[in-house]
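Position 1 is the first residue of the sequence, and the numbers go up from there.
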Amino acid sequence: MTLKRLILIFILTPIAVLLAVSALFGSWQEPQFQSRLELYQTNIALQAQAWQSEDRNDDNLQAIREAILGEQPLESATKQYQEARQSVQANLDKVNNKLAQLRSQPETITPPKPLPDVAPTIKTSRRGQQPLQQSLKQLEKLLAELDLRLGILQAQQGQKDTALKTWSKLQQRSEINPEFGQTAAVLSGLWSNPPRLLPNAQEPIQKNLEGWFRSTALVQLYQLQQRQDALSAVKATQQEAATQAVIKLALIGTIPTLAALIGLILLILLFAQRLLKGKASLLAQNADVPWSTPWDGETVLQVFVVGFFFMGQIFVPLLILLLPIQRPVTDVRLQAFSVLVSYLLVASGALLVLYFSLKRFFPLPEFWFRLRFRDKWFLWGLGGYCTALPIVVVVSLINQQLWQGQGGSNPLLQLALESQDGVALGIFFSTAALAAPFFEEILFRGFLLPSLTRYLPVWGSILVSSLLFAIAHLSLSEILPLTALGIVLGVVYTRSRNLLAPMLLHSLWNSGTLLSLFTLGSN
């Protein structure tokens, strides 16, 4: 066995596996992005429920309103916020327990060498406390924000006593920002019987509440103050925001729902065709035809361990860290540009390793890395996107029940949701909808999946490559949904034998996600 093989198999591969496992378990206690996304959707639904058409007797418009919002939007929002609060409280308890464990662990401090006769001292271990303290502050802040909003939801449903208890408990928590306690006191006064108007009540409402919650509190305040002009202005603003929210919900809900419905019909037709026509059906096309693979598993390891993992997790992060730029980067455009540059560096490094690993096997056998524009790749990609929607949605619903809001998520999603900057969105789009599909499909579908057919049947290669594709994103909560998406991508590629098809599917998926996030975030 050569030295190169020894280093690759017994040193680099175990290191890569250990770091990947560590990153996955590190995401275990991180909140899922899906939970935050659901709250954004809930907030927009609350804004939309204030919408009133000019013709209030129009049954068609009322039917459309109910179809978009549901019959009881306030009750649904309250349930969503209660579930979010329970999840945050559970995470808060876990962080407090971890901090308590760390503080109870003594640590021996070795004296410096010039003082060899000094006895070692004992002090509380502080290793790992700083990130936990940061998580604790973030969770406490989020819990306070949820309580402020939950109280307003309860008050609007006539549960004033429950709302007052919610705000009272918030005021008693001394560890939070005093501004939240002040806002809770203002809200308690507005919904008390009789009401109590605190001085400067408008300022904390405008500062610490937003959207429907802010306008609802301001309406209550202005009614008590009998400020008709201010009341009319805030109601007009509320109605305008409600109209925009209805349009957003219609866009976000209608297009994916139609695509998912088309996908469901396609799935039924494809499986029916498979049963009726057997091997002559589209699903059976190339289903059992492996690639001719001239290299072995060592080459696959080399590409993924050296090219993909070490480039993405060690080399490029170190290179970015050495750049003379101010940290932390707060400007959203710089953040977006940094993500794009980092991704391009990782992709370039991995593709170079791929090229030099395969160079000695040139010319490659037929169907390797095939990109043909004169083909049915567009139909395969578009159809694959539609069929992926219902499959991934069902898997995601199951996944949510398994992880209960934990398991981490791609940080790019959070940046895209909160950035309301056209330039930043364009850069994010370039990363997620152009660079990622090109690079990841070449690596996982173009190289890994066909390479595995040397050892596994085609269906087995699809499953294994899909699982590795999901694991490579290093978020436990995303493994099941991304595996499901990877399976659809693998089926589309093995049947079409054209990389343009999964690239299009991947691009449509990421584009739809980004546009939905940008629409939800533009509140």
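- The aromatic rings of Tyr385 and Trp509 sit perpendicular, their planes meeting at an angle over 60°, well past the 30° parallel limit.
- Residue Phe444 is tested with Phe439, Phe304, Tyr493 for a ring pair (Phe, Tyr, Trp, His ring centres under 6.0 Å); the sole match is Phe304.
- Between Trp291 and Arg497 there is a side-chain heavy-atom pair separated by less than 4.5 Å.
- Within 6.0 Å of CD in Gln82 there are more than 12 heavy atoms belonging to other residues, nucleotides or ligands.
- Judged as a side chain to side chain contact (heavy atoms under 4.5 Å, CB included), and not counting sequence neighbours, the contacts of Phe438 are Leu351, Ile442, Met503.
- Within 6.0 Å of the CZ atom in Phe361, the count of heavy atoms belonging to other residues, nucleotides or ligands exceeds 12.
- Between the side chain of Thr216 and the main chain of Phe213, no donor-acceptor pair closer than 3.5 Å is present.
- The nearest pair of heavy atoms linking Ala260 to Pro390 is O-CG, 3.8 Å.
- Residues His506 and Glu441 bring a donor and an acceptor atom of their side chains to less than 3.5 Å of each other.
- In this structure a side-chain-to-backbone donor-acceptor pair under 3.5 Å is present from Thr293 to Pro450.
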**Study point:** Intermediate values then yes/no, side-chain contact (heavy atoms from CB on, under 4.5 Å), Asn286 and Thr494
**Key:** CA-CA 6 Å; Asn286 299 318; Thr494 54; 5.7 Å; no

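- Taking the charged nitrogens against the carboxylate oxygens, Glu240 and Lys235 have no contact shorter than 4.0 Å, which rules out a salt bridge.
- For the pair Lys79 and Glu75, the salt-bridge criterion is not met [side-chain N within less than 4.0 Å of a carboxylate O].
- Open room surrounds CZ on Phe271; 12 or fewer heavy atoms of other groups in view lie less than 6.0 Å from it.
- When side chains are defined from C-beta on, Phe180 does not count as touching Asp147, because their heavy atoms never get closer than 4.5 Å.
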Exercise for review: Take Leu8 and Val306, measure what side-chain contact (heavy atoms from CB on, under 4.5 Å) needs, and give me the verdict at the end.
Suggested key: CA-CA 8 Å; Leu8 175 65; Val306 179; 4.3 Å; yes

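- Minimum interatomic distance between Ile427 and Ala336 (heavy atoms only, all atoms of both residues): CG2-O, 3.3 Å.
- Considering only residues two or more places apart in sequence or on other chains, Ala77 meets the side chain to side chain contact (heavy atoms under 4.5 Å, CB included) condition with Thr42, Leu46, Leu153.
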Review point. Going through the checks in order, is the side-chain contact (heavy atoms from CB on, under 4.5 Å) test met by Phe362 and Tyr355?
Key: CA-CA 10 Å; Phe362 289 172; Tyr355 172 76; 3.5 Å; yes

